[in-house]
Number of protein chains: 2
Amino acid sequence: MLKLTKRTEYGLIALVHLADQAAAAPEGTLAEVVSARAIGDQFPIPRRLLAESLKALQAGGLVDSTRGSQGGYRLARAAESISLGEIVTVLEGAPSLTSCAGLGAASAGGGCDVEPVCPIRSPLARLRSGIWALLEGVSLQALADRSVNPVALFSAAS
Amino acid sequence: MLKLTKRTEYGLIALVHLADQAAAAPEGTLAEVVSARAIGDQFPIPRRLLAESLKALQAGGLVDSTRGSQGGYRLARAAESISLGEIVTVLEGAPSLTSCAGLGAASAGGGCDVEPVCPIRSPLARLRSGIWALLEGVSLQALADRSVNPVALFSAAS
DNA sequence: TGAATCAGCACCAGTTTAGTGCTATTTCGT
DNA sequence: ACGAAATAGCACTAAACTGGTGCTGATTCA
């Protein structure tokens, strides 16, 4: 199914929220941490699942967490440096692009070493590779910027 | 999961094959029909499922079918006029990105008839909308053209 | 007639998804 | 010290989806 899971949706909601928070922080200072509860209260979504997504984002190193009372989350890096592809990878695992697996940069060594332009590559692999490249090209920053329209989101990326 | 189902993969394989067939046909003539068996014999995939995909494509009006011995399938329209979005819609159902559904401050039942540029649209809806627009912009023709690289497949579309 | 081929249902096992329960641990405020 | 707030971790369930198959019927060509 060519669609994002709820887990990813909630995670994105949270990330956009955290990006807003970071943008609102005074120059050069760290943004205040935001609790899962605080984020959840602003959207009609199961708070608990939102928390699950945040946990996953923490495990994936996209956000930093502070425990205890007054604890919460904060972006671990600048919103411009977090790509959509990375977010999706963290939240729903590396996409299983079948054989010739792992396109893009990551793909650990094994097999198909003629990576760049493998002529045997099926249209499917090319398609997925294209979609993936797009996701890698869109930053959280762009996503959080509400002035950009959906299509420009991508076409501007290339 | 941001990935295509096998059903869609097989369908795409078949469509690309049919597009090749159409391209090989003499100017102005209809391409010969190709049976599911004939297509399946060329790929290491379960023949039966390929047939299922073809059936779905027929039901969706993307291919014409001829029954009986010597029967088979043929593109119902020119490959340039069949978009990837349409193919995916036929093979795995309409994506739920429609109608401001899902979340976003304004989701509520009613209407959101200001569809074009709804300012309240959530980042998620915008994201899906963007992905969708991309798929709509890629034609089967482009997909079948093996000389185009994966990334150009999309960036050229905008 | 008979074989090839598409069409329509209906079924099953395995995986994924969404969502919840419960407990432990850390930290702040009093 | 204590309790509340909050993250961390594990485990579990019900529903949906996926991949794949079985079977029967209808249509067409030879």
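First the proteins, then the strands, lettered A, B, ... as listed; each starts at 1. What's counted below: heavy atoms across the whole structure, side chains too, no hydrogens, waters or symmetry copies.
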| Pairwise salt bridge (charged side-chain N to carboxylate O under 4.0 Å, His left out) hits with a residue in residues 45-58 of chain A, at least two apart |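 Matches after skipping sequence neighbours: A/Asp41-A/Arg47, A/Arg48-A/Glu52, A/Glu52-A/Lys55.
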Item to complete: May I have all residue pairs that pass salt bridge (charged side-chain N to carboxylate O under 4.0 Å, His left out) and include part of residues 13-37 of chain A, sequence neighbours excluded?
Response: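 Salt bridge (charged side-chain N to carboxylate O under 4.0 Å, His left out) check on residues 13-37 of chain A returns A/Asp20-A/Arg146.
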Can you list everything that forms a side chain to side chain donor-acceptor pair (under 3.5 Å) with [X]? Sequence neighbours excluded, please.
X	result
A/Glu136	A/Ser83, A/Trp132
B/Glu86	B/Arg77
A/Thr5	A/Thr8, A/Glu92

In a table with atom names and distances, give each donor-acceptor pair under 3.5 Å that connects a side chain of residues 57-71 of chain A to protein atoms at least two apart or in another chain.
none

| task | Kindly state which residues belonging to residues 13-26 of chain B come within less than 4.0 angstrom of DNA chain D, counting heavy atoms of the residue only, listed by number. | result |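 Heavy-atom cutoff 4.0 Å gives no residues at all.
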B/S/- along nucleotides 18-23 of chain D (protein heavy atoms under 4.0 Å) is SSBBBB
Measure [atom1]/[X] against [atom2]/[N] and give the value in whole Å, please.
X	N	atom1	atom2	result
B/Gln70	C/dA4	CD	P	10 Å
B/Leu57	C/dA7	CG	P	11 Å
A/Arg74	D/dA6	CZ	C1'	15 Å
B/Ile39	C/dA4	CD1	P	18 Å
B/Glu32	C/dT5	CD	C1'	16 Å
A/Arg37	D/dT7	CZ	P	9 Å

Would you mind classifying the nucleic acid contact of B/Ala36 as base, sugar-phosphate or nothing, using non-hydrogen atoms under 4.0 angstrom?
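B/Ala36: backbone/sugar contact only, no base atoms under 4.0 Å.
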### Message
What I'd like to find out is whether the side chain of A/Glu9 reaches to under 4.5 Å of the side chain of A/Lys3, using heavy atoms alone.
### Response
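No. Closest side-chain heavy atoms not under 4.5 Å.
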Quiz item: Are any non-hydrogen side-chain atoms of A/Leu4 and A/Leu12 less than 4.5 angstrom apart?
Solution: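 They are in side-chain contact.
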Which residues pass the side-chain contact (heavy atoms from CB on, under 4.5 Å) test with [X], not counting sequence neighbours?
X	result
B/Ala19	B/Leu75, B/Ala79, B/Leu140, B/Ala144
A/Ala25	A/Thr29, A/Ala31
B/Ala78	B/Glu80, B/Ser81

Would you tabulate the nitrogen or oxygen pairs shorter than 3.5 Å linking the protein to nucleotides 25-28 of chain D?
{"from": "D/dG25", "atom 1": "N2", "to": "B/Arg67", "atom 2": "NH2", "distance (Å)": "3.3"}
{"from": "D/dA26", "atom 1": "N3", "to": "B/Arg67", "atom 2": "NH2", "distance (Å)": "3.4"}
{"from": "D/dT27", "atom 1": "O2", "to": "B/Gly68", "atom 2": "N", "distance (Å)": "3.4"}
{"from": "D/dT28", "atom 1": "O2", "to": "B/Ser69", "atom 2": "N", "distance (Å)": "3.0"}

Exercise for review: Would you indicate, yes or no, if D/dA8 has its OP1 or OP2 atom less than 4.0 angstrom from a side-chain nitrogen or oxygen of A/Gln58?
Suggested key: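 Indeed, a polar side-chain atom of A/Gln58 lies that close.
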